[in-house]
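Not measured: the values here are computed from a predicted model.
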Amino acid sequence: MIKEQIEKMVHQALDEARRSGQLPSSDVPAFVVEEPRAEAHGDFSTNAAMVMASSQKMAPRKIAEILAGNLRRQQSGVERVEIAGPGFINFFLRPEAWHPVLQHVAERGDTFGSCDVGRGRRIQVEFVSSNPTGPLHVGHGRGAAVGDAVASILAACGYDVQREYYINDSGRQIRTLGQSVYLRLLAHFGREVDFPETCYQGDYIRELAAEVAAAEGEAILQWPEEKAVSHCARYACEKILAGIRRDLADFGVTFDQWFSEQSLYDSGQVDEAIAFFRDKGLIYEKDGALWFKTSAFGDEKDRVVVRSNGQTTYFASDIAYHREKFQRGFDRVIDVWGADHHGYIARMAAAIEAGGIERERFGVILVQLVNLLRGGEPVAMSTRAGRFDTLAAVIREVGRDAARFIFLSRHHESALDFDLEVARQKTNDNPVFYVQYVHARISSILRKAREQGMTGVAWDAEAAALLTAPEEMALIKAMDRFPETVAAAAEMLEPHRVTYYLMDLASLFHAYYNKHRVLTDDARLSRGRLCLVLAVRQVIRNGLTLLGVSAPEKM
RNA sequence: GCGCCUGUAGCUCAGUUGGAUAGAGCAACGGACUUCUAAUCCGUAGGUCACAGGUUCGAAUCCUGUCAGGCGUACCA
């Protein structure tokens with residue numbers, strides 16, 4: 001909020017300088033106001049003079065002087081202005097200029113950090129969408145954490161967000177699932193069977209087969225194979241999906257909608273989509289198959305939608321699905337995919353553009369793979385005894401909070417080493433505790449304050465005016481950055497920005513805590529510091545909430 | 001071969017969307033608990049931002065090329 005005021009001031013100075021003819025050109029390139037790295041460069045700095053140098057045909061420092069001369073900084077909190085380096089204008093604020101930030105945090109409460117840049121526009125985030133052919137593993141967990149956090153962050157920025165899970169309950173992999181269970185079923189009843197490598201190998205298939213066997217008895221052996229396989233497929237699919245839902249719920253992730261791929265076939269939307277693009281001349285026949293002209297929209301080659309054997313491809317239903325998404329009225333659609341699917345983006349984007357939707361309205365977040373480790377050693381991905389890399393197993397071992405925080409502690413496009421040993425540790429190696437500890441510590445202070453009869457946690461301007469220590473100023477300035485951090489995370493679809501912000505704020509708080517006492521003999525100072533830590537706690541909580549991590553009162 | 005991603009301290013990674021003297025954690029070394037939670041803090045040390053050009057007032061950031069790693073390159077999903 002302080003930064004916006006400085007920006008406004010610079011714009012005013014610019015207008016003034018142009019009106020008075022000190023600056024000839026009305027061509028004003030975009031400039032930024034930012035917080036300089038070095039303290040000696042002030043609280044804020046702008047490059048306005050430098051970016052205007054060429055259009056004004058003047059030396060940057062000369063322009064800086066003109067702008068500085070036109071700044072109306074009465075009552076602005078700006079103590080002094082310096083021109084430095086090649087033409088930076090540096091602003092030095094009086095400490096009291098920062099104190100309203102605390103009041104602002106107190107007033108906004110849980111909504112501090114939210115904004116309205118989304119203006120209620122509808123945006124869909126589709127994530128996880130794991131095939132219902134086996135349990136979720138760590139990689140899906142990362143996708144879940146990223147997708148959920150992105151959705152929360154977008155919602156905080158004023159978008160109308162919908163979380164969706166696309167169920168691939170159609171096609172070959174479901175048929176294979178049915179066959180896998182059926183074969184295990186036959187073995188269950190003592191039949192000799194070859195279990196091909198192409199079938200799903202996990203032990204959960206055996207368990208599902210045993211369940212079907214218990215429910216149907218040996219009578220199922222008399223069924224036509226086709227009927228038995230599809231019965232197994234349906235049963236297994238539903239059962240596995242229920243498990244996925246449960247795992248995600250345990251992870252704190254819930255969806256607004258579960259969308260079935262099969263429903264696109266049942267409702268005729270796949271055929272409709274193919275007919276639509278065929279009419280537009282974008283689908284043609286070659287070698288007995290139907291091809292989509294994705295190459296006309298930036299893809300490297302055309303793609304098959306109906307194979308020569310008459311079966312549709314996954315791409316065909318995906319075209320129908322994305323068409324359907326936009327027909328539902330979303331301004332923007334974001335898919336969260338595993339990074340190994342990156343080759344799929346071009347064709348999907350092409351199909352969307354071919355349907356008359358602007359390319360920018362479709363976004364893909366690629367989530368890189370997770371290397372699961374234990375004490376630095378890779379965890380075996382699967383064994384006969386069962387998988388150790390399932391999301392459920394990881395949550396059981398390290399807890400929801402640690403798992404989510406670690407998944408969000410890297411840029412989503414870089415591979416992540418997830419060490420179970422570290423995630424379980426309650427030390428500084430494990431950043432989630434470092435951040436949560438701030439919340440617990442402050443909560444503890446507040447409990448203590450209540451015991452001492454200090455209930456005055458309301459905003460107290462007079463007391464806040466006593467906050468002038470460097471550590472206090474650093475905390476207030478950091479909190480002032482929170483809203484723009486959230487906004488940037490939303491714009492870039494990068495939830496890790498919030499994670500790093502929280503670690504930064506936590507670090508500032510722990511340093512402050514070790515140097516200063518909040519509850520002192522000076523009642524007024526104590527009240528001021530309570531205002532400060534109360535605000536810190538609020539911001540920590542708001543940030544953790546966006547990441548889907550709890551903010552404990554005690555640890 | 002082509003395409004996408006990545007390359008920053010010994011290790012794991014940030015880097016405010018082109019800003020001033022490149023940051024944090026871990027590991028190493030030295031310190032701080034009679035106190036609101038030491039799950040913490042303070043200090044020391046650590047760099048050819050893979051490499052070479054280019055763009056401009058200014059590049060870790062943008063462009064081109066080279067090298068290295070990962071992934072993709074189906075009438076699979």
Side-chain angles (χ1 to χ4, degrees), chain A residues 32 34-38 40-41 45-47 49-51 53-54 59-61 84-88 90 131 133 168 170-174 176 261 286-291 300-301 303-315 317-318 338-346 366 368-369 376 409-411 413-417 419 422 425-434 436-438 440-449 451-452 481 484-485 488 491-492 494 496-497 499-501 503-504 506-507 509-520 526 529-530 533 554-555:
Chain A
V32 294
E34 61 188 352
E35 288 162 72
R37 228 192 305 266
H41 296 146
S45 172
T46 182
N47 62 353
M50 278 130 59
V51 298
S54 63
R61 286 191 70 109
F88 289 103
N90 296 336
N131 287 348
T133 54
N168 299 125
S170 166
R172 212 169 70 174
Q173 81 281 4
I174 292 300
T176 304
E261 178 187 10
K286 191 182 89 180
D287 305 330
L290 288 185
W291 297 71
E300 58 188 48
K301 60 179 225 178
R303 308 290 175 176
V304 171
V305 285
V306 180
R307 287 175 270 176
S308 50
N309 65 6
Q311 288 180 337
T312 52
T313 61
Y314 178 83
F315 184 44
S317 50
D318 235 3
D340 54 339
H341 285 64
H342 69 78
Y344 201 77
I345 297 175
L366 291 178
Q368 265 290 356
L369 63 96
S409 68
R410 293 271 179 285
H411 189 284
E413 274 186 16
S414 66
L416 170 69
D417 287 341
D419 198 314
V422 173
Q425 276 172 26
K426 300 184 172 178
T427 69
N428 212 356
D429 290 355
N430 192 355
V432 66
F433 291 104
Y434 187 79
Q436 288 181 315
Y437 191 38
V438 172
R441 269 186 152 173
I442 295 174
S443 298
S444 178
I445 294 172
L446 295 173
R447 281 193 296 273
K448 190 90 177 182
E451 283 170 23
Q452 295 178 3
R481 275 196 301 269
E484 65 198 65
T485 301
E491 191 190 335
M492 305 293 290
E494 290 178 345
H496 77 285
R497 288 169 181 261
T499 313
Y500 278 90
Y501 170 85
M503 292 195 283
D504 187 41
S507 170
F509 173 77
H510 287 311
Y512 175 65
Y513 182 91
N514 272 273
K515 189 159 178 185
H516 303 280
R517 281 188 63 83
V518 173
L519 303 175
T520 65
S526 300
R529 290 183 170 170
L530 278 172
V533 299
K554 282 184 187 173
M555 285 174 74

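The side chain of A:Met492 sits closest to B:U17 out of B:C41, B:U17, B:U16. Residue A:Tyr437 places its side chain closer to B:A38 than to any other of B:G3, B:A38, B:A77. Comparing atom distances between the A:Met555 side chain and each of B:A39, B:G3, B:A77 picks out B:A39 as nearest. Comparing B:A77, B:C41, B:U17 by their nearest atom to the side chain of A:Glu491 picks out B:U17. Out of B:A77, B:G19, B:U40, the shortest distance to the side chain of A:Tyr314 is found at B:A77. Of the candidate nucleotides B:G23, B:C13, B:A38, B:G23 has the atom nearest to the side chain of A:Arg37. The side chain of A:Ala511 lies closest to B:C42, out of B:A77, B:C42, B:A20.
In terms of heavy atoms, A:Met50 sits closest to A:Pro60 at CG-CB, 3.9 Å.
Using atom P as the reference point in both B:G30 and B:U17, the two lie 41 Å apart (nearest Å). For the C1' atom pair drawn from B:C5 and B:A9, the interatomic distance equals 24 Å after rounding to whole Å. Spacing between B:G47 and B:G10 at atom P, rounded to whole Å, works out to 6 Å.
Nearer to the 5' terminus of RNA chain B, by closest-nucleotide assignment, is the contact made by A:Leu366 (compared with the other of A:Leu366 and A:Arg303). Nearer the 5' end of RNA chain B, as judged by each residue's closest nucleotide, is the contact made by A:Ala40, out of A:Asn168 and A:Ala40.
Under the stacking criterion of a centre-to-centre distance below 5.5 angstrom and an interplanar angle below 30°, A:His41 sits stacked against the six-membered ring of B:A20. Stacking of the aromatic ring of A:Phe88 onto the base of B:G19 is not found under the criterion of centres within 5.5 Å and planes under 30°.
Taking the O4'-C1'-N9-C4 or O4'-C1'-N1-C2 dihedral as appropriate, B:U61 has a value more than 90° from 0 and is therefore anti. The glycosidic torsion of B:C33 lies within 90° of 0, placing the base in the syn range.
Side-chain to base pairing of A:Ser308 with B:C75: one donor and one acceptor N or O lie within less than 3.5 Å of each other.
Backbone-only engagement by A:Arg410 is indicated by non-hydrogen atom pairs under 4.0 Å involving sugar-phosphate atoms exclusively.
Counted by atom type alone, A:Arg529 and A:Tyr512 present one or more donor-acceptor pairs between their side chains at under 3.5 Å.
A cation-pi arrangement is present between A:Arg441 and A:Tyr513, with the terminal nitrogen or guanidinium carbon under 6.0 Å from the aromatic centre and inside a 45° cone about the axis.
One finds no side-chain N or O of A:Arg497 lying less than 4.0 angstrom from the OP1 or OP2 phosphate oxygen of B:U17. Phosphate proximity of B:A14 to A:Ser414: present, with a side-chain N or O under 4.0 Å from OP1 or OP2. For the OP1/OP2 pair of B:C41 and a distance below 4.0 Å, the side-chain nitrogens and oxygens of A:Tyr434 include at least one atom meeting the criterion.
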query: Can you give the dot-bracket line for RNA chain B, where a pair is Watson-Crick or G-U wobble with both atom distances under 3.5 Å, crossing pairs use [ ], and | marks a partner on another strand?
result: (((((((..((((.....[...)))).(((((.......))))).....(((((..]....))))))))))))....

